[in-house]
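Everything quoted here is computed from the prediction, not taken from an experiment. What you see below is based on every heavy atom in this structure, not just the backbone, and it leaves out hydrogens, waters and symmetry mates. Below, read A as the first sequence line, B as the second, and so on, with proteins coming before strands; counting in each chain starts at 1.
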2 protein chains.
Amino acid sequence: MDWQRLITLQPTLAKIPETLKKLAEERNVDKGETLYRVGDQVRWMFSVISCELRLIRRNRNGMEIILQRSRSGFFGEASLTGGTYHCDVVVAEKGMLLQFPASAFRMALEESAEFRNAWIAHLAREVRRLRAQAERLCLRTTAERILHYIESEGVNNTLVLRQSRKAWAVELGLTHEALYRALRKMQADETLSIDGNQITLGQNN
Amino acid sequence: MDWQRLITLQPTLAKIPETLKKLAEERNVDKGETLYRVGDQVRWMFSVISCELRLIRRNRNGMEIILQRSRSGFFGEASLTGGTYHCDVVVAEKGMLLQFPASAFRMALEESAEFRNAWIAHLAREVRRLRAQAERLCLRTTAERILHYIESEGVNNTLVLRQSRKAWAVELGLTHEALYRALRKMQADETLSIDGNQITLGQNN
DNA sequence: CGTACTTTTGAATCGCATCAAATCTGGTGG
DNA sequence: CCACCAGATTTGATGCGATTCAAAAGTACG
């Protein structure tokens, strides 16, 4: 397994102890596959590399509501503590993920102080990021959300986009059309300037 | 300090070791007060009991963007690891909070396995909750967000509201008017039935 | 008893979603 | 190397639903 490459994609993986790394497995998953069902024992901790996973709950009409959607990073951190899943986990887009035995994961957390601290830091960062995202999604207009994103995720008033604009639109809770139009208008405004995947704030914000 | 009452408000407080509890301080804060500025050393870990705190960042025009807003629970978990604040923390609404010395908090995490596990579980729950909230805020219509909220936060298709509808509207990223109107319509639809603070799903969802 | 806040309803406006379609892009296989 | 295809990007027209502004009624609390 090429840990070097995986770690560049996901820095938290760097802090995983060797003993746990040895137990990790790459797994290719297909669209529609169900990784877990409600009530199943938690056996694996997943780290999404290139697929899309969804944590869903079904109501009595069989309609599903999406609780989480993940295209990268650890998935189902909350299940690690408890014993069984409260939701279903399905693959929405084929690709690859890493899986670690949950018991070994828990044990590694107990035994390695370094890993444990990295894990706490990881969760805390995730909390901060998600709180900022929720705050952003409460903003009413497209332009406000874009500015908020650049000011919170960018460095030095500049954002380097690491995903397609279409994917960005999803993260911003917008349609891609709305995003494209707003970007164009804000460029005309000189609210921001765009150079490929690099977006910089101008003076009119 | 009345820990019994505080714990009912915030279960995670129950797992705090006695030594750390002794170091906790109640603190009354006034609107406009600044608890921290960018670059300050992290000295305290806060737990919001009854005020509103905001984590904000200012751009060069002095305009502030809100990164987080908290009306209850731990605040600034992410700062605990690093040494200094990357944002300002201000009081948006007067009230009371608990503060723990950050160094003692970190030490307690090292020394008490029980507390540490509780903290990891707390962070993981928070991550799950926030992911669900972000997912919900991406839904387009008021009705969808309400249903999502009940299905993810409620028990047995029933939600017991622990806050005013106005505050709920903020959590849903809506104006209170939109929420009131949607609730009324959904009652007429028999999508849900409302009895005071108890909201139950009907059959038409 | 008054004040502050929540709840409720109304009317007008506007921004975004939606549907549609054209163009551009990178990657695949013949 | 070119043809082709899937996906991303871009632009247009339309309608709906949420915001906004306004105001009245209800409620809690000192």
Side-chain angles (χ1 to χ4, degrees), chain A residues 30-31 50-52 66 69 71 92-96 134-149 159-189 191-199 205, chain B residues 28 30-31 50-52 66 71 92-96 134-149 159-189 191-199 205:
Chain A
D30 267 333
K31 183 169 174 173
S50 68
C51 55
E52 178 177 319
I66 303 175
R69 189 190 314 240
R71 302 183 67 88
E93 200 177 285
K94 65 169 283 185
M96 199 264 279
E135 203 62 52
R136 180 161 54 240
L137 289 170
C138 286
L139 297 176
R140 313 284 182 209
T141 66
T142 304
E144 279 177 311
R145 291 192 200 172
I146 292 171
L147 290 177
H148 191 285
Y149 193 94
L159 174 75
V160 179
L161 253 200
R162 305 199 175 288
Q163 56 187 341
S164 72
R165 279 142 214 248
K166 212 173 172 185
W168 190 25
V170 174
E171 197 179 341
L172 290 170
L174 301 166
T175 58
H176 58 279
E177 295 98 324
L179 176 59
Y180 289 128
R181 282 188 254 261
L183 284 177
R184 160 168 290 275
K185 178 125 56 91
M186 292 166 88
Q187 248 181 316
D189 276 348
T191 309
L192 43 77
S193 60
I194 303 178
D195 176 16
N197 280 334
Q198 189 160 319
I199 303 179
N205 49 73
Chain B
N28 292 302
D30 268 333
K31 182 170 173 171
S50 68
C51 55
E52 179 177 319
I66 304 175
R71 302 183 67 88
E93 202 178 283
K94 64 171 285 183
M96 199 265 279
E135 204 60 53
R136 178 161 56 242
L137 288 170
C138 286
L139 297 176
R140 313 285 182 207
T141 67
T142 304
E144 279 176 312
R145 292 193 200 172
I146 292 171
L147 290 177
H148 190 285
Y149 194 94
L159 175 75
V160 179
L161 252 200
R162 305 197 176 289
Q163 57 188 341
S164 71
R165 280 142 212 249
K166 211 174 171 183
W168 190 26
V170 173
E171 199 179 341
L172 291 170
L174 301 166
T175 58
H176 57 280
E177 295 98 324
L179 176 58
Y180 289 128
R181 282 188 255 260
L183 284 177
R184 160 169 290 276
K185 179 128 51 91
M186 291 166 88
Q187 248 180 314
D189 276 350
T191 310
L192 42 78
S193 60
I194 304 179
D195 176 17
N197 280 333
Q198 190 159 318
I199 304 178
N205 49 73

Could you tell me the separation between the [atom1] atom of [X] and the [atom2] atom of [N], rounded to a whole number of Å?
X       : N       : atom1 : atom2 : value
L139(B) : dA17(C) : CG    : C1'   : 14 Å
I194(A) : dA8(D)  : CD1   : P     : 18 Å
K166(B) : dT27(D) : NZ    : C1'   : 13 Å
L179(B) : dT8(C)  : CG    : P     : 9 Å
K185(A) : dT10(D) : NZ    : P     : 16 Å
L161(A) : dT9(D)  : CG    : P     : 9 Å
E144(A) : dA18(D) : CD    : P     : 18 Å

Any donor-acceptor pair under 3.5 Å from [X] side chain to [Y] backbone:
X       : Y       : value
R145(A) : L172(A) : yes
S50(A)  : M96(A)  : yes
R136(B) : E144(B) : no
H148(B) : I66(A)  : yes

N/O (side chain, [X]) to phosphate O (OP1/OP2, [N]) under 4.0 Å:
X       : N       : answer
Y180(B) : dT8(C)  : no
R165(A) : dA8(D)  : no
T142(B) : dA18(D) : yes
R181(B) : dT9(C)  : no

> Would you call L137(B) and C138(A) a side-chain contact if the rule is heavy atoms closer than 4.5 Å?
Replying inline: yes
> Is any side-chain heavy atom of E171(B) less than 4.5 Å from a side-chain heavy atom of Q163(B)?
Replying inline: yes
> What's the closest nucleotide to the R184(B) side chain, out of dT6(C), dT9(D), dT9(C)?
Replying inline: dT9(C)
>> Closest approach to the side chain of S164(A), judged atom by atom: which nucleotide of dT20(D), dC16(C), dA8(D) is it?
In response: dA8(D)
> Where along residues 168-177 of chain B does a heavy atom come under 4.0 Å from DNA chain C, residue by residue in number order?
Replying inline: H176(B), E177(B)
>> At 10 degrees resolution, what angle do the end axes of the helix from dC1(C)-dG30(D) to dG30(C)-dC1(D) form when each is taken over five base pairs?
In response: 60°
> Got a second to check how far N197(B)'s CG is from W168(B)'s CH2, nearest 0.5 Å?
Replying inline: 10.0 Å
>> Does this structure show an ion pair linking R71(A) with E93(A), if we count only N-O contacts that are shorter than 4.0 Å?
In response: yes
>> I'd like to know whether L147(B) forms a side-chain contact (heavy atoms from CB on, under 4.5 Å) with M186(B), so could you lay out the CA-CA distance, the side-chain angles of the two residues, the decisive distance to 0.1 Å, and finally the verdict.
In response: CA-CA 10 Å; L147(B) 290 177; M186(B) 291 166 88; 3.7 Å; yes
